[in-house]
S.K.: 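Attaching a single structure in structure tokens format; questions to follow.
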Protein chains: 2
Amino acid sequence: MADKRETPLSNPSLKGHHCSVDLRLEKLGMVPFFQDLPEAELREVNKKFTANHYTRGETIYRQGDPSTMLRVVVAGNVKLVSHTSEGQSVLLDMLQPGEFFGNPAASGKEVYNETAETQTAACVLSIRLRDFRDVMNRYASVAMSVLDITTDRLQESRQRIRHLSTLPVKKRLAYILVTLANKFGEKDRQGLLIQLPLSRKDLADMAGTSTETTSRIMSQFQDDDLITSGRQWVAVKDKPELLRISAES
Amino acid sequence: MADKRETPLSNPSLKGHHCSVDLRLEKLGMVPFFQDLPEAELREVNKKFTANHYTRGETIYRQGDPSTMLRVVVAGNVKLVSHTSEGQSVLLDMLQPGEFFGNPAASGKEVYNETAETQTAACVLSIRLRDFRDVMNRYASVAMSVLDITTDRLQESRQRIRHLSTLPVKKRLAYILVTLANKFGEKDRQGLLIQLPLSRKDLADMAGTSTETTSRIMSQFQDDDLITSGRQWVAVKDKPELLRISAES
DNA sequence: CGGTATTTTGATTTAGCTCAACAGACGTGG
DNA sequence: CCACGTCTGTTGAGCTAAATCAAAATACCG
């Protein structure tokens, strides 16, 4: 409605995600659950990973595919989406470099319950599930770290159930914006710019609502000077107020 | 409306939950994540647990309490409920003997995000979080098993998010009844009797809806001969049809 | 047998969905 | 670099599932 300039995201499609061997090893050491692994072991584990590069919007695996690999985002962003038979979609998670996805458990012939798709160009490492379980069995610190992350995700997931069950859309959206700003926000002249292509549809699929309703509420937030937003991007201008809205009685 | 007889649940309040030392050790061996532990180790671990007995409706811990213990249900049932500031409640999980609750991760000064309350008289074992983490560090099989269970719970939780986001109340309730029948159902002349005091409010808090709506839909199911139900109990008569309803387009 | 908690049913209201049309933004090829 | 076509986002109008409010009916408890 007001001053929408060019997309302020740092060129999302061209960042050099080489997936080179150097990058791989360097990044692997930064993955939370390999932090405590000694250099030598890390080098050993690194061998078991395969690197893959994807352009924006590519599908890494589909809901229903047999779950045989565990993957780690090295660069770029990946989203996990669950699709219903009616063609609706639910955005389950939005991943950053360092985060893993695919089932760490399911020691056997399970299938993925969601589709993994790149949100930006991305580099992803894969390890056979069996190999990863060997690593976890050998190094307790890795298993514990994966458990901690999974527990956190369960907590977030339950938080979201609580929100879907009890909060109106406006509050849910306010909360989602705060969360995204915390995770992906970068200081900017607009405020906290969410460094990620983010459409109204994406937000709607996170909040469990329609794009139209999302658009209306985003316009409201914009009018109230809480956010700035354009096509596929959002910047949070007043996080405290959004947080207040999400929690107010 | 039709033939509601006395509560068919096997006397829920009086079952002998002694929480004796014998019972403890026996039951501990049955807990999924201690299955692979050798007898001697199990005996060792057993010492670190404290047993507690609760009557129906007692609170084990409250949302916001510091999370210092990990607990295991030995007998009876425990429910995890999250409360909002407006006094609404969301029923997150309904636990059986053998299941654990409380945060297995959160190595430090976290708090519980939900309240744990007994649904029937129950016997519960507690271990200090620190001690449990020692056990997980020592025995990879325990850590892996806890990870597997947590991963399963995350999947269920995401399934529920999908349902809350995309399905109308009737389908959500149909699915919940199927799930409960699978977990707590016992063959009976009524069909699959859900062996657990289960009010309309409980069902509503699971489905993210109001008791009134729940009651209306349950009446419908009863009219369609899919369930039989009375005060605080439900029996599933036609599980396949309920499943079909939950998934139909 | 009376009292309390649960469940049912009815009437009304409403948040958010759906359908529909339009308007900006992007990028693409001429 | 401009014109066009295609996505993405906005706005409006009506509709509907489910919430809320209200009251009666039923089951269980001592």
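Each chain gets a letter, A, B and so on, in the order its sequence line appears, and its residues count up from 1.
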S.K.: Using atom NZ of B/Lys170 as one end and atom P of D/dT16 as the other, report the distance to the nearest whole Å.
M.R.: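 Rounding to the nearest Å, NZ of B/Lys170 and P of D/dT16 are 17 Å apart.
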S.K.: Examine the base of C/dT9 for any acceptor or donor lying under 3.5 Å from a partner atom in the side chain of B/Arg200, and report the outcome as yes or no.
M.R.: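 Such a pair does not exist between side chain and base.
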S.K.: Select from B/Ile217 and B/Glu212 the residue whose nearest nucleotide in DNA chain D is closer to the 5' end of that strand.
M.R.: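 Residue closer to the 5' terminus by nearest nucleotide: B/Ile217.
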S.K.: Give a yes/no on whether any side-chain N or O of A/Thr213 is located under 4.0 angstrom from OP1 or OP2 of C/dG16.
M.R.: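 So the side-chain polar atoms of A/Thr213 never come under 4.0 Å of the phosphate oxygens OP1 or OP2 of C/dG16.
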S.K.: If you compare every side-chain N and O of A/Ser219 against the phosphate oxygens of D/dT11 (OP1, OP2), does one of them come in below 4.0 Å?
M.R.: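 Result: yes.
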S.K.: Using a cut-off of strictly less than 4.0 Å, decide whether B/Ser210 has a side-chain nitrogen or oxygen near OP1 or OP2 of D/dA18.
M.R.: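 No, outside the criterion.
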S.K.: Between A/Asp223 (CG) and D/dT11 (C1'), how many Å, whole number?
M.R.: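 Going from A/Asp223 (CG) to D/dT11 (C1'), I get 12 Å.
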S.K.: Check the side chains of B/Thr228 and B/Arg189 for a donor-acceptor pair under 3.5 angstrom, ignoring hydrogens and angles.
M.R.: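 Short answer, no.
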S.K.: Assign A/Thr209 to base, sugar-phosphate, or nothing according to its heavy-atom contacts below 4.0 angstrom with the strands shown.
M.R.: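 Sugar-phosphate: the residue A/Thr209, judged by heavy atoms under 4.0 Å, touches backbone atoms but no base.
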S.K.: Using whole Å, report how far CD of B/Gln232 lies from P of D/dC29.
M.R.: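 To the nearest whole Å, that distance equals 9 Å.
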S.K.: Verify whether one side chain among B/Asp202 and B/Ser199 offers a donor that lies under 3.5 Å from an acceptor in the other.
M.R.: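 Yes, a side-chain donor-acceptor pair sits under 3.5 Å.
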S.K.: Take B/Ser215 and A/Thr214, find for each the nucleotide of DNA chain C with the closest heavy atom, and name the residue whose nucleotide sits nearer the 5' end.
M.R.: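 Closer to the 5' end of DNA chain C: B/Ser215.
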S.K.: Within the modelled atom types, does a donor on one side and an acceptor on the other bring the side chain of A/Arg216 and the base of D/dG12 under 3.5 Å apart?
M.R.: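 Between D/dG12 and A/Arg216, which were checked side chain against base, a qualifying N/O pair under 3.5 Å is present.
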S.K.: Provide, to the nearest angstrom, the distance between the CG atom belonging to B/Leu173 and the P atom belonging to D/dA17.
M.R.: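 Answer to the nearest Å: 16 Å.
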S.K.: Closest to the B/Arg231 side chain: C/dC26, D/dT20, C/dT6?
M.R.: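 Of all the options, the side chain of B/Arg231 is nearest to C/dT6.
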S.K.: Rounded to the nearest Å, what distance is computed from the CZ atom of residue A/Phe221 to the C1' atom of nucleotide D/dG9?
M.R.: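 Rounding to the nearest Å, CZ of A/Phe221 and C1' of D/dG9 are 17 Å apart.
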S.K.: Please report the distance, rounded to the nearest Å, between CD1 in A/Ile227 and P in D/dG9.
M.R.: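 Distance check: A/Ile227 CD1 to D/dG9 P gives 12 Å.
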S.K.: Between P on D/dC7 and CZ on A/Arg56, what's the gap in Å once rounded to a whole number?
M.R.: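 Rounded to the whole Å, the gap is 14 Å.
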S.K.: What is the distance from atom CD of B/Glu212 to atom CD1 of B/Ile217, rounded to the nearest 0.5 Å?
M.R.: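 B/Glu212 CD to B/Ile217 CD1: 12.0 Å, rounded to 0.5 Å.
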S.K.: Relative to A/Phe101, does A/Arg153 satisfy both conditions: NZ or CZ under 6.0 angstrom from the six-membered ring centre, and within 45 degrees of the ring's axis?
M.R.: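 Judged by the rule, A/Arg153 and A/Phe101 form no cation-pi pair.
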S.K.: Write down the distance between NZ (B/Lys201) and P (C/dA5), rounded to a whole number of angstrom.
M.R.: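 Those two atoms, NZ and P, are 15 Å apart.
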S.K.: Evaluate A/Arg160 against A/Glu156 for side-chain contact (heavy atoms from CB on, under 4.5 Å), listing each step before the verdict.
M.R.: CA-CA 6 Å; A/Arg160 196 162 154 193; A/Glu156 280 167 35; over 6 Å; no
S.K.: Among C/dG16, D/dA18, D/dG9, find the nucleotide with the atom closest to the side chain of B/Val169.
M.R.: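 That would be D/dA18.
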